[in-house]
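Working notes for the structure below.
Sequence lines set the chain letters: A, B, ... in the order given, protein chains first and strands last, and positions in each chain run from 1. Because the structure is a prediction, the values reported are computed rather than measured.
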There are 2 protein chains.
Amino acid sequence: MRKLVLLLCIVQYALCIDAASVKSPNGNIELKFSLDGTGRPVYEMTYKGREVVKPSHLGLVLAKDKHASMGMEEHDLMNGFTIDKEETSTFDETWKPVWGETATIRNHYNEYVATLSQHWLGKRPVGVNGAQMAPKQHQRTIIIRFRVYDDGIGFRYEFPQQNDLNYFLIQEEMTEFAMAGDHKAFWLPGDYDTQEQVTQETKLSEIRSRMQEAVNWSNSSVAVFSPTGVQTSLQMKSDDGLYINIHEAACADYATMHLELVDAETKALTTQLGGGSNAYTPNPKPLNYPLPKPFTFVSHLTPDATGLKGAMQTPCETPWRTVMISDDARDMLSSNLILNLNEPCALEDVSWIHPTKYCGVWWEMIVGRGNWHYTNDYPSIKLDQIDWSKVKPNGTHCANNEKVKRYIDFAAKNGLDEVLVEGWNVGWEDWANMWKRDVFDFVTPYPDFDIKMLNEYAHSKGVKILMHHETSSSTQNYERHMEEAFQLMNKYGYDAVKTGYVGDIIPRGDHHYSQSMNNHYLYVVKEAAKHHIMVNAHEATRPTGLCRTYPNLVGNESARGTEYEAFGGSNPDHTCILPFTRLQGGPMDYTPGIFVTRLSEWSNNTSWARITIAGSLALYLTMYSPLQMAADLPENYEKFDDAFQFIRDVACDWDDSRYLEAEPGDYITVARKAKGTDNWFIGGKCDENGHQSVIKLDFLDQGRQYECTIYADAKDAHYETNPQAYTITKKVVKAGQTLKLTEAPGGGFAISLIAK
Amino acid sequence: MRKLVLLLCIVQYALCIDAASVKSPNGNIELKFSLDGTGRPVYEMTYKGREVVKPSHLGLVLAKDKHASMGMEEHDLMNGFTIDKEETSTFDETWKPVWGETATIRNHYNEYVATLSQHWLGKRPVGVNGAQMAPKQHQRTIIIRFRVYDDGIGFRYEFPQQNDLNYFLIQEEMTEFAMAGDHKAFWLPGDYDTQEQVTQETKLSEIRSRMQEAVNWSNSSVAVFSPTGVQTSLQMKSDDGLYINIHEAACADYATMHLELVDAETKALTTQLGGGSNAYTPNPKPLNYPLPKPFTFVSHLTPDATGLKGAMQTPCETPWRTVMISDDARDMLSSNLILNLNEPCALEDVSWIHPTKYCGVWWEMIVGRGNWHYTNDYPSIKLDQIDWSKVKPNGTHCANNEKVKRYIDFAAKNGLDEVLVEGWNVGWEDWANMWKRDVFDFVTPYPDFDIKMLNEYAHSKGVKILMHHETSSSTQNYERHMEEAFQLMNKYGYDAVKTGYVGDIIPRGDHHYSQSMNNHYLYVVKEAAKHHIMVNAHEATRPTGLCRTYPNLVGNESARGTEYEAFGGSNPDHTCILPFTRLQGGPMDYTPGIFVTRLSEWSNNTSWARITIAGSLALYLTMYSPLQMAADLPENYEKFDDAFQFIRDVACDWDDSRYLEAEPGDYITVARKAKGTDNWFIGGKCDENGHQSVIKLDFLDQGRQYECTIYADAKDAHYETNPQAYTITKKVVKAGQTLKLTEAPGGGFAISLIAK
């Protein structure tokens, strides 16, 4: 570990005339900051002298609140600024993640900090005798902090505690990202409540015309806010080969950011068209700021139930806004910029946090062969009015003693750490989309799930059961029961919980990615940590690297997972996009490992997974996560036990990772060194076009021999017509050799290299 | 106890031609029910043959939800009904309240129950091959249950569990109360977030023209919804001397009801003008139901953040809608109709619930001589970022060890049970109206409040400290900390909590009287009961008799309390109105007992209480509550120790109560027999006009002598000019004698009768 902070200079300015400039440690990235003629902050960014972000404005529009005591007046944090102070410094530190892709992470950046202030005269107060008093002089200070890394920049707004900026409401954050061209973009429709759509790949200029199709396509959009609104992390590629990614880091008690593109047809931003109209801000202010030029993204925060975007108390800051950049796509995947911008680990004891391989009573319910619920005999359920011991079972309830024991046996036999069991607790009969607040109690098992016996059975075989808390997005209900639910977990020896947020948020009107919900998700993680419980939150906000600070947040869904292979399928290129987008903020519980891709082989479901078996194995490498599921049924794995050997062998925590080949939407190849060993594992995954992979084994220890097992697509393999055709080859290899592998359409490969 | 249920008749109808009729046990009240030509339910009500409620419609408008799974279709529960079944029965039971105005309460009514159904054909489904399938036959059943008492009626809607009515959203309840004339009404502006305004006394026809003045008057209105919207309980008086009161009973997991008056100028109801417009119901349905005739009230429920009024799951029911009626104003006060319509006590052990007299560290902060907060040195506070031991105290913090001990000594000396201490816990520096979620933790005392020492000191003197939990309406924060807060109370021996809900509700957009908030208040009461804690909730929903079911709900504020005497004052008639309105639903923690009414005598506050000392003593009888505060400062009481003797003596739980004289807004005289004794106490309170009271002592035991102490206004007493002029007279009286007393303007009297 080395830690080095150099304070380079502090300069006091009365007025800023020239733009300040800061370069990345290697000099490739340059960041410039200035104020325009109206005192509006402007930044721009280049990479190797090429424009990445053209001059773009920064600022926030504040909502006028009914409470005069908040001292809001009418001043936005948009313009009229002067620069009070500029500071630059260098930071270089290497830290160790609790789990991750590498044993250590270097956090090396040059920082530029501008302290800005607005000054204005308040209204002339009227004295007790009617006399006109002298108007009060007001001053507000904000700080904009930039960190310039070799692989991108991060910047945020900071609001020091001060008399004229104590509490404030955000009508909209107006951070601009002016793109230098009509880049290709991998985007999801901007949506306040889902991020599970199919990724679209279009030019920026085609987003508007594609939007309706994109929304219809996946049939999962819920709350789309603009015909040019997209989500982050947004991966782009310029015509001249620059890879650009916009996302955010450390979004905790703040609304999740979307991006609204200004294109040639834009007349006004959605916010300018009346977003925020409600009883609390009866007249959303017209935003009389000039519309930026086409190809500019403007931040658009997720609103609360009243349409506003945030309630803030100083001292506070926004999340970091990030722009990652490289001319090599592999750098997008190996970047630690998002993690580095998060705070260090906040937990003192992390000994109880462990990477986990698991299977679970899950896929057969997703596919539709069995059910989460126990009875079909009630049109609706009230938890306090039912005697479950007298209820007639439907016979299709999956989370029963016999089946769970079967999964525990399978896990124990194959070295899997845990067994997820969904549908174990009462309330599944009418759990979703009914605006039902008291939907689960999280502590009462169905009569056929003997919680004591099953946990004891699992523990006797060295396996744990993985808890499941579907909240049905009734967050108030979950918070009421959470402490008791965690105590139950401690009592029976659970150490991890998969949470779920399916459906509309209760309290009604709130959204999945609002400030209050982001606070809730982190509240759950913090409360869980007190009980030494790891959290894997599904349908929660897309992650922004908070797992550095709270490493018991071992996973999130927050994108289109494997379940969609049972809901009509995902495109073969989907898993070649996710590492560039969704995975930037943290690991995804993608639940890979489907071997029997034609679901009709064992169910009535006509959907099918767009992947070969070798491709499925590759995902355990290319989709980094400390939590890896073997999602298919035990009996399906038993049919392909030689291929399943790779899942038994593969690690899920790493000392090193090398991205060998990458192109978003096309292919990804990565080699990883298993934690605390000399063994390497390599995975390659490609899209529907197949891929020829050439792997130079120059990362192996010189002179050492490795037992190499290659799980590859067979010659005629194809994700649609021949997904189960694979070959397994064993040989001895050493450093300097080259492996050439052919990935089938929708296929891939997986390699284990065991040091001799 | 006697319990008698007579099933009188069950009749099956295909069509209802004639109206059904039910009379009260004594025959004075008649209730008729029928369907109109469109199948809309209609009821009407007479008292001794005179019209009380003219034919009025019943029904609910449902919101169309985006979730087709809820099976909403477009069918309101308004018309198209047929009567499936009618049932009548009689019920007569006498029950014992845990605390109350009388030792027993008789619950005697005749019941009429109409089972109604709607039938319709669903949309014609399209088969897999495009074939038109047969439309599905739908049926919905609701029940309207009427209970007819001698002192009024209650009715509610019931929704049995059924396939076509499983979950539903309420756009508006459309219950009508068509008044028979232009009655005088005692009303508060309808408001979603406050009920602390000054009561207006006007004709119904004058409500609209008075509204703006009424809203401005008290300066406390927050969310007024209509120029003719008013709150319940609404007390009226007809020109021919009928006293009519509209309120509700047992409002638990349902929005609080307001009333919107249709007058000559009404063009449309507020609901019809677009209430409910939001993302979840993009197009509030136009309500194409005819506007009722002038002098008709229509129910208007408190909305949630999305504008809707309720999310329901069958089986369920609405609260009872009540109409109390008499030609004697005293019957309004002695009525137990609201309590009788609530469910019996739900708590098994009630031994820990006790009526309580208390004083408290409160009034001097309300008046402004001291503060709740501890320091002035921070523009804002973040609880997790401050070391209180190092904070500079402001020197005006009231809840300090010395002062609290002074109050404990005073309570012990004067037989008061508990001492309320507000401002004991950290967070008061910036607690209100800042949209601050994490405002209090409810467990951390300020450095000058030694929670262990003070509780031990109090207990050593036979006194308890009364806990205070101001939530600042951040209900999510309170629910997160509540369990720990109650555990702290148990640890230190607190057995009662005063809760507060000042300011706007967090989660933002919600309202104080919405379904979710009403659920919250009752959730707190139920959780408190598990810890044997009594609850006195301020700023919470006006009560509807739930204290019968949960008798640990020993008090509520929910109206303009004594604090307003320090905020500009309340009218002298205020306490002659509240027993007819606010107190119908349950006891009020009015915090009476101000002896030094000119606050400038001991503070910089120029406000003054509009009451004489004798009048203040009367409030301990006329404002029934099992929780009675002696609100003034100990030093103020010590100046008038002979008058304070009455507060020492008076009981706060009763075996019997006799309302001797009453006229809303003018005067109230009541005699009460102290629980478990033969002693009686009598109180008389009048408005600004004074009152001559004549009291026949015919309720005393025949032949027994009573030591009678009379605390009366002196001859020249006056609430403004001479409030501290009182006389104390002692004599021996017996049954049959008559007492004649003169109440000064804004005055009253108090009498103790101790059996010899």
Side-chain angles (χ1 to χ4, degrees), chain A residues 65-70 161-169 192 222-223 253 278-280 303-308 311-316 378-382 385 430 432-438 475-476 479-480 482-484 503-504 506-511 514-516 519-520 523 527, chain B residues 65-70 161-169 192 222-223 253 278-280 303-308 311-316 378-382 385 430 432-438 475-476 479-480 482-484 503-504 506-511 514-516 519-520 523 527:
Chain A
D65 191 68
K66 60 180 179 176
H67 298 298
S69 56
M70 291 180 77
Q161 192 176 70
Q162 55 198 299
N163 284 324
D164 278 323
L165 192 62
N166 232 332
Y167 309 88
F168 59 100
L169 296 175
Y192 299 149
V222 178
D253 200 358
N278 58 74
Y280 292 89
D304 68 17
T306 74
L308 290 185
M312 307 291 284
Q313 178 189 355
T314 62
C316 57
Y378 298 81
S380 79
I381 297 286
K382 293 197 172 182
Q385 293 173 21
D430 58 349
N433 292 331
M434 301 302 184
W435 296 115
K436 184 178 173 183
R437 185 191 51 235
D438 303 326
T475 59
Q476 184 184 36
E479 291 197 7
R480 286 179 178 180
M482 196 166 59
E483 173 63 22
E484 199 187 348
D504 300 303
I506 298 174
R508 284 168 49 81
D510 204 352
H511 292 292
S514 69
Q515 181 187 27
S516 65
N519 171 273
H520 165 82
Y523 174 72
E527 292 297 306
Chain B
D65 191 68
K66 59 180 178 174
H67 297 298
S69 56
M70 292 181 78
Q161 191 175 71
Q162 55 198 296
N163 283 324
D164 277 323
L165 193 63
N166 230 331
Y167 310 88
F168 58 102
L169 295 175
Y192 298 149
V222 179
D253 200 357
N278 59 75
Y280 291 91
D304 67 17
T306 72
L308 291 185
M312 308 291 283
Q313 178 189 356
T314 61
C316 57
Y378 297 81
S380 80
I381 297 286
K382 293 197 172 182
Q385 294 172 19
D430 58 349
N433 290 333
M434 302 301 183
W435 296 115
K436 186 178 172 182
R437 184 192 51 235
D438 303 326
T475 57
Q476 185 184 35
E479 291 198 7
R480 285 180 179 180
M482 195 165 62
E483 173 64 21
E484 198 188 349
D504 300 302
I506 299 175
R508 285 167 49 80
D510 204 353
H511 293 290
S514 68
Q515 181 186 27
S516 65
N519 172 273
H520 165 82
Y523 174 72
E527 292 297 306

Engaged part of A/Q385 at the chain B interface, taking heavy atoms whose separation is under 4.5 Å: side chain
Residue part contacting chain B, namely of A/D430, when any heavy atom lies under 4.5 Å: both
Sub-4.5 Å side-chain heavy-atom contact between A/R508 and B/S516: no
Toward chain A, the part of B/I381 with a non-hydrogen atom under 4.5 Å: backbone
Approximate separation, where rounding is to 0.5 Å, of A/Q515 CD and B/W435 CH2: 12.0 Å
Gap separating the CG atom of B/D253 from the CZ atom of A/R437, nearest 0.5 angstrom: 4.5 Å
Selection from A/T475, A/I506, A/T314, A/N163 maximising heavy-atom pairs under 4.5 Å formed with chain B: A/T314
Pairs of heavy atoms under 4.5 Å with chain B: top-ranked of A/Q161, A/K436, A/Q162: A/Q161
Least distance between heavy atoms, A/S380 atom then B/Y167 atom: CB-OH, 3.0 Å
Among B/E483, B/Q313, B/R480, residue most engaged with chain A (heavy-atom pairs, under 4.5 Å): B/R480
